[in-house]
Amino acid sequence: MRIRLSRSLPVAVAVLAAVAALPVSAATADVPEPVPHTAPADHASYIVTVWEEVDPAAVAERVGATPVHVYRTVLHGFSARLSPAQVEALREMQDVESVEEDGRAIGF
């Protein structure tokens, strides 16, 4: 067993050295960049819920909104900073359940 260990140790060291020598960009090349949030800071943040069969990201795209979060588990929808015109357009869509301004829940 000692012979096997002594033969495999140089191979293991060589592999570790090769991995350590990789450039940082190669290690993170497959990680997607976050989507920049471009909505003006003066626009309020809203939570929009849509029907289960509707893609929340597609609804946001139809009004030109950039979602901060897309929800698909407990809540089906997205959150985004929206202009008054975007809020109005979303409230008129048949596949949108609700459009509520984001805020703290009180009284719990």
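Quick note: residue numbers are just sequence positions, from 1.
Checked by atom type and distance alone, the side chain of Gln86 pairs as donor or acceptor with a backbone atom of Ser83 at under 3.5 Å. Arg81 places a side-chain N or O within donor-acceptor distance of the main-chain N or O of His43, the cut-off being under 3.5 Å.
Taking 4.5 Å as the limit, some side-chain heavy atom of Val99 sits within range of a side-chain heavy atom of Arg91. Side-chain contact check for Glu97 versus Trp51: some heavy-atom pair is nearer than 4.5 Å. Under the 4.5 Å side-chain criterion, counting only non-hydrogen atoms from C-beta, Ile47 is not in contact with His69.
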Would Tyr46 and Asp102 count as a side chain to side chain contact (heavy atoms under 4.5 Å, CB included) here? Give the steps. CA-CA 5 Å; Tyr46 287 82; Asp102 196 2; 5.9 Å; no
Go through the steps to decide whether Asp95 and Val50 satisfy the test side chain to side chain contact (heavy atoms under 4.5 Å, CB included), and finish with yes or no. CA-CA 6 Å; Asp95 47 3; Val50 300; 5.6 Å; no
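Annotation: side chain to side chain donor-acceptor pair (under 3.5 Å) contacts of Ser45 (sequence neighbours excluded): none.
Following chains of ILVMFWY side-chain contacts shorter than 4.5 Å, one cannot reach Tyr71 starting from Val48, and the two form parts of different hydrophobic clusters. Put simply, Met93 and Leu82 are part of the same group of oily side chains (I, L, V, M, F, W, Y) that touch within less than 4.5 Å, one to the next.
To the nearest 0.5 Å, atoms CG (Leu75) and OG (Ser98) are separated by 7.5 Å.
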With a cut-off of 3.5 Å and sequence neighbours excluded, list every side-chain donor-acceptor pair involving residues 52-60.
residue	atom	partner	partner atom	Å
Asp55	OD1	Ala57	N	3.3
Asp55	OD1	Arg72	NH1	3.2
Asp55	OD1	Arg72	NH2	3.1

